Amino acid sequence: MIDGQSELLRGLTPEEAEQVRGLAARITLTSGAELFTLGTEADRLYVVTRGRIKLTLPMQVRGLERNILVEERTAGQIVGWSALIPPYRFTLAATAMVQSEVLAISRDALREHFAASPKVGYTIAMNLAAVVGERLQLFQAMWLREMERMVELRCA
Amino acid sequence: MLLMGVCLSMFGLAVACLAFGAATRTDEQSPVAAQPQPAAAQAAAKTRFFVDPVALPAGAQARVSIEALLLQIESHVRLEQAAAESFLESPTPALLHSRTISPLVN
């Protein structure tokens, strides 16, 4: 269930959260089903309500292109915030690792709702900023660790 | 009669010697045999009287090893994310440089 504890609706009143929930369409994904692919137009934001979604990037492994796990998202977490950030293209691919369920909220519906309820728009924008910021900090730390190893190897 | 038997025996022995010589000459005098053989060919020669061991095709072996490598990469990503999350919860240089048990870096 998407509720006040989900990343997207944190800080909203139950009534405000219910209004946002009313904008969403429920999508069920079988295990292995693709939610979206890298580079495609991002026009919907997703919230995982059940199951597990794998975010991947293509990587060259021994000359073969394989999708490599970047992150996993579980119930209550947001997937596809590229839908709200130009150029509105998915920068990762998302696949269901097990049978999963997501709520899909279109960008246009969210924008209209934000225009009508600026406070809700502000709270959700801050929630999204927190998700994006966490990922940035996480990958910043991971990048530095990989850089350290590369330098160690080069100097060994 | 005895003399005839001896002659036939000698003839038979001579034919057997010639046949043996012809059979072994190719292995000893072949220019290919004189050259050093690749290890794979030597191994094949050693096992030619036995049933070849069941072996995966080269493509299948490569696929298996790539799958194993992908699992290692996935494990590495999970361990690195956990290490990075620990750092974000409590940002210290020690946690930033902490080691993991990832087989890709050990």
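Only a predicted model underlies this, so the values are computations on that prediction, with no experimental measurement involved. Just so it is clear: chains get the letters A, B, ... in the order the sequence lines come, proteins before strands, and each one is counted from 1.
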Quiz item: Salt bridge between A:E71 and B:R78, side-chain N to carboxylate O under 4.0 Å?
Solution: no
Exercise. Tell me, for A:L153 versus chain B, whether the close heavy atoms (under 4.5 Å) come from the side chain, the backbone, both or neither.
Key: neither
Quiz item: Among residues 31-38 of chain A, which ones touch chain B with a heavy-atom distance under 4.5 Å?
Solution: none
Practice problem: With a 4.5 angstrom heavy-atom cut-off, could you sort out which part of A:E148 is near chain B: side chain, backbone, both or neither? | Solution: side chain
Exercise. State whether B:E67 and A:R66 are salt-bridged, where the test is any N-O pair (Lys NZ or Arg NE/NH1/NH2 against Asp/Glu carboxylate O) under 4.0 Å.
Key: yes
Exercise. Check whether any side-chain heavy atom of A:W143 lies under 4.5 Å from a side-chain heavy atom of B:E80, and answer yes or no.
Key: no
Practice problem: State, with a plain yes or no, whether a side-chain heavy atom of A:I68 is found less than 4.5 Å away from one of B:E74. | Solution: no
Quiz item: At a heavy-atom separation under 4.5 Å, does B:L104 approach chain A through its side chain, its backbone, both, or neither?
Solution: neither
Quiz prompt | Heavy-atom neighbours of B:I101 CD1 exceed 12 at 6.0 Å | solution = no
Quiz item: What pair of heavy atoms forms the shortest contact from B:V77 to A:V70, and how long is it?
Solution: CG1-O, 4.0 Å
Self-check item: Segment of A:L144 engaging chain B (4.5 angstrom heavy-atom cut-off)
Solution: side chain
Exercise. Counting only heavy atoms closer than 4.5 Å, note whether B:L96 contacts chain A via side chain, backbone, both or neither.
Key: both
Quiz item: Which residues in residues 84-91 of chain B have any heavy atom lying under 4.5 Å from a heavy atom of chain A?
Solution: B:A84, B:E85, B:F87, B:L88
Quiz item: Do other residues, nucleotides or ligands put more than 12 heavy atoms under 6.0 Å from the OH atom of A:Y122?
Solution: no
Quiz item: Does CE in A:M126 sit with more than 12 non-hydrogen atoms of other residues, nucleotides or ligands closer than 6.0 Å?
Solution: no
Exercise. Answer with yes or no whether the hydrophobic clustering places A:V131 together with A:L110; edges join I, L, V, M, F, W, Y residues whose side-chain heavy atoms lie under 4.5 Å apart.
Key: yes
